[in-house]
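Note that the structure is predicted; figures quoted are calculated from it, not measured. Below, chains carry the letters A, B, ... as their sequence lines are ordered, and counting in each starts from 1.
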Amino acid sequence: MPELGDAEGFRRSALRLAGALIARLEVPDPSVVRNVDVATLQRAIRGSVIGSACRHGKCLLIPVGTSWMLLRFGMTGSLILDETGNVSRRFERLSIGTDRGWLRLVDRRRLGNVSLARTEPECAELIGALGPDALRIGNPEFIAQLRSSRGSIKSAMMDQQRIAGIGNFGSDEILWRARIRPDAPAASLSPAQWTSLHRATRSVMHLTARAGHTPRGRTWLTSVREDSRALCPRCSTCLCRSEVNGRTSVWCPECQPPSSLATRA
DNA sequence: GAGGTTGTTTAGAA
DNA sequence: CTTCTAAACAACCT
């Protein structure tokens, strides 16, 4: 599930419990707790009040008392608000119980994890070298972060140290809208292509963030990418698949012409 | 049964 | 130094 839009949806779930008092922490799978042991985490957060969650890229930061919990979701993680106790507990890894309900980290493949930061520097360290958030980045910085890459534009876009929040589906969606091939060298983009790439990024990030997940509507590449014989939702040409950076890319040979043939952008 | 998967980290090669 | 590759993590789906 999780790219930026999904993480934004999880943030809104966490926001519903802002101000709630943490009564208990249940950790059915202790291996998801990354940098401290479960007892330490329990000691740090029990009796604390949940603050307003922030998101940076695909990463969720929940203030708890004077500390922060940092959640990463991997490929299959999600954060579920459970106010009624009726939510499925399958693949539940960690649950925060409050006076107003539960926040449950559910993660089938267990590639997600949770860390605890007790100080601001510790927090900064955990977020690490993440680049600016893809939803908020402005045009000059967007270009500056990507243009210096010597590899393909898609690799650069998915590099969380350059820009945080864009994943495999998101980058394909953006490149398709901007009419740029995923394997185009970042250094080869024209000024017009940079403009349309940033515009497409903003639009895709805004729409996914608003939805809280990647939309699957008729005008989205995401809606058809899993079908190996899918046609381009825009021009009905048979979509191409290739590997960029070890991940499957889906693109339209008609809408996304080779850079030498790019007329405008 | 085989192959694929919205992420990240690591080691090693180019 | 930068970039790319493969593997590992794990468990499901087609």
Under 3.5 Å on both distances, the Watson-Crick or G-U partner of C:dC9 =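 Base-paired to B:dG7.
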
Assign [X] to base, sugar-phosphate, or nothing according to its heavy-atom contacts below 4.0 angstrom with the strands shown.
X: A:Ser31; result: nothing
X: A:Gln160; result: sugar-phosphate
X: A:Arg216; result: base
X: A:Ser155; result: sugar-phosphate
X: A:Phe91; result: sugar-phosphate
X: A:Thr248; result: sugar-phosphate

Would you indicate, yes or no, if [N] has its OP1 or OP2 atom less than 4.0 angstrom from a side-chain nitrogen or oxygen of [X]?
X: A:Arg109; N: C:dC9; answer: no
X: A:Lys58; N: B:dT6; answer: no
X: A:Thr76; N: C:dC12; answer: no
X: A:Arg162; N: C:dT3; answer: yes
X: A:Arg108; N: C:dA10; answer: no

In this structure, how many angstroms lie between the [atom2] atom of [N] and the [atom1] atom of [X], rounded?
X: A:Asn245; N: C:dC4; atom1: CG; atom2: P; value: 5 Å
X: A:Met158; N: B:dT6; atom1: CE; atom2: C1'; value: 11 Å
X: A:Arg225; N: B:dT6; atom1: CZ; atom2: C1'; value: 8 Å
X: A:Asn35; N: B:dT9; atom1: CG; atom2: P; value: 13 Å
X: A:Leu60; N: B:dG7; atom1: CG; atom2: C1'; value: 16 Å
X: A:Glu243; N: C:dC4; atom1: CD; atom2: P; value: 13 Å
X: A:Phe73; N: B:dT8; atom1: CZ; atom2: P; value: 12 Å
X: A:Met205; N: B:dT6; atom1: CE; atom2: P; value: 15 Å

Is a donor-acceptor pair below 3.5 Å formed from side chain A:Arg110 to base C:dA10, judging by atom type as modelled?
->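 Answer no: no donor N or O sits under 3.5 Å from an acceptor.
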
Could you check A:Arg72 against A:Thr214 and say which one's nearest nucleotide on DNA chain B is further toward the 5' end?
->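 Looking at DNA chain B, the more 5' nearest nucleotide goes with A:Thr214.
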
Before accepting this row, confirm whether a basic side-chain N of the pair [X]/[Y] lies closer than 4.0 Å to the acidic partner's carboxylate O.
X: A:Glu83; Y: A:Arg16; answer: yes
X: A:Glu173; Y: A:Arg177; answer: yes
X: A:Lys58; Y: A:Asp6; answer: no

Fit a plane to each ring of A:Phe73 and A:Phe10, take the angle between them on a 0 to 90° scale, and name the class: parallel (under 30°), tilted (30 to 60°) or perpendicular (over 60°).
->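 Correct class here is tilted.
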
With a cut-off of 6.0 Å (strictly less than), are more than 12 heavy atoms of other residues, nucleotides or ligands near CD of A:Glu26?
->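 Yes, the 6.0 Å shell around CD holds more than 12 heavy atoms from other groups.
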
Among the nucleotides C:dT3, C:dT5, B:dT8, which one has an atom lying closest to any side-chain atom of A:Arg247?
->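 Selected nucleotide (nearest to the side chain): B:dT8.
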
Taking the side chain of A:Met75 as heavy atoms from C-beta outward, which of B:dG7, C:dC12, C:dT3 is closest to it?
->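 So the side chain of A:Met75 is nearest to B:dG7.
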
P spacing across the pair B:dT8 / C:dC12, given as an integer number of angstrom =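 Taking atom P in both B:dT8 and C:dC12, they lie 22 Å apart.
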
In whole angstrom, give me the gap between the C1' atoms of C:dT3 and B:dT6.
->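 Pairwise C1' distance, C:dT3 against B:dT6, rounds to 23 Å.
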
Minimum heavy-atom distance between A:Asn86 and A:Asp82, given as atom pair plus value |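 It is N-OD1, 3.6 Å.
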
